[in-house]
Amino acid sequence: MCGIVGYTGSKKCRDILMGGLKRLEYRGYDSSGIAVMNGNMGNDGAGSKCKIMVAKEAGKINILEDKIENFKMDGDCGIGHTRWATHGEPTKVNAHPHLEGSGRIAVVHNGIIENYVELREELEKKGHSFISDTDTEVLPHLLEEYKDGSLIQAMRKVLKKVKGSGAIVAISSDRPGELVGARIFSPLIVGISPEGNFIASDIPAVLE
């Protein structure tokens, strides 16, 4: 059973995300990953200097933890995921988070996109390229396709397009500090605090 954790606030998020993922290990998983928004907003406030850094690995979370030890992931907004393989083998490529082609949108997802084959074929005809075997990878590409400056509006359009179940959380380097979450028949918890806001698939991820 997959796990989601996300944070945006005044603290560096890498360790917060990793701590949340560790507290979701009880759900079972075969790979894990995090995406952190590094950098600052551009002069226009549109995040032109932001970049999403992604690290993911197959296997236990400590493998990922060792890998990112020397990574520069100093942003204060990010998402993390523990995956239990459904579509695609438990590999690094199939691990979440997933990006669209330009690397400006990252998504984590619990659940199943039942019409992902149809959506993938439709997106490929429009020039989108895919690298994984997962159903989830269609989501960041759909968000990119529908994005008109508002990640929230794009997510609303995606929800009308996909069939299935699950919880989705996305970040965009064009929208610094913003987490957008949605759910289709699956739990998604929002936590609000003076030091930042959290989103997670289960309470233990944000208890601390």
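On a predicted model such as this, the values are computed, not experimentally measured, just so you know. Excluded from the calculations below are hydrogen atoms, water molecules and symmetry mates; all remaining heavy atoms, backbone and side chain alike, are included.
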Undergrad: Roughly how far, to the nearest 0.5 Å, is CG of Leu17 from CD1 of Ile79?
TA: 8.5 Å
Undergrad: Holding to ring-ring contact (aromatic ring centres under 6.0 Å, His included), I want the full list of residues that pass it with His81, two or more places apart in sequence or in another chain.
TA: His96
Undergrad: Has the side chain of Asp76 got a donor or acceptor atom that lies under 3.5 Å from a matching backbone atom of Ser10?
TA: no
Undergrad: Cut-off 3.5 Å, no hydrogens considered: what does the side-chain donor-acceptor table look like for residues 55-68, sequence neighbours left out?
TA:
unit_1 : atom_1 : unit_2 : atom_2 : d
Lys56  : NZ     : Ala95  : O      : 2.7
Lys56  : NZ     : Pro97  : O      : 3.0
Glu57  : OE2    : Lys67  : NZ     : 3.1
Glu65  : OE1    : Lys22  : NZ     : 3.2
Glu65  : OE2    : Lys22  : NZ     : 2.6

Undergrad: Under the ring-ring contact (aromatic ring centres under 6.0 Å, His included) test, which residues partner Tyr26, sequence neighbours left out?
TA: none
Undergrad: List the atom pairs, with distances to 0.1 Å, where a side-chain N or O of residues 180-198 and a protein N or O form a donor-acceptor pair under 3.5 Å, not counting sequence neighbours.
TA:
unit_1 : atom_1 : unit_2 : atom_2 : d
Arg183 : NH1    : Ser186 : O      : 3.3
Ser186 : OG     : Gly166 : N      : 3.3
Ser193 : OG     : Glu195 : N      : 3.3
Ser193 : OG     : Gly196 : N      : 3.2
Ser193 : OG     : Gly196 : O      : 2.8
Glu195 : OE1    : Lys11  : NZ     : 2.9

Undergrad: Decide whether Thr136 and Thr134 meet the rule of one side-chain donor and one side-chain acceptor closer than 3.5 Å.
TA: no
Undergrad: Glu124: which residues meet the side-chain hydrogen bond (donor to acceptor under 3.5 Å, both in side chains) condition with it, sequence neighbours left out?
TA: none
Undergrad: Using only atom types and a distance under 3.5 Å, with no angle test, would you say the side chain of Glu100 pairs donor to acceptor with the backbone of Arg104?
TA: yes
Undergrad: How many angstroms lie between CD in Glu122 and CG in Asn115, if you round to the nearest 0.5 Å?
TA: 9.5 Å
Undergrad: Under 3.5 Å, side chain of Ser173 to main-chain N/O of Ile52, donor-acceptor pair present?
TA: no
Undergrad: Using 0.5 Å steps for rounding, measure from the CG atom of Leu151 to the OG atom of Ser172.
TA: 5.5 Å
Undergrad: Between Asn94 and Asp133 (side chain of the first, backbone of the second, donor and acceptor by atom type, cut-off under 3.5 Å), is there such a pair?
TA: yes
Undergrad: Run the side-chain contact (heavy atoms from CB on, under 4.5 Å) test against Asp148 and tell me which residues pass, sequence neighbours left out.
TA: Ser150, Gln153, Lys157
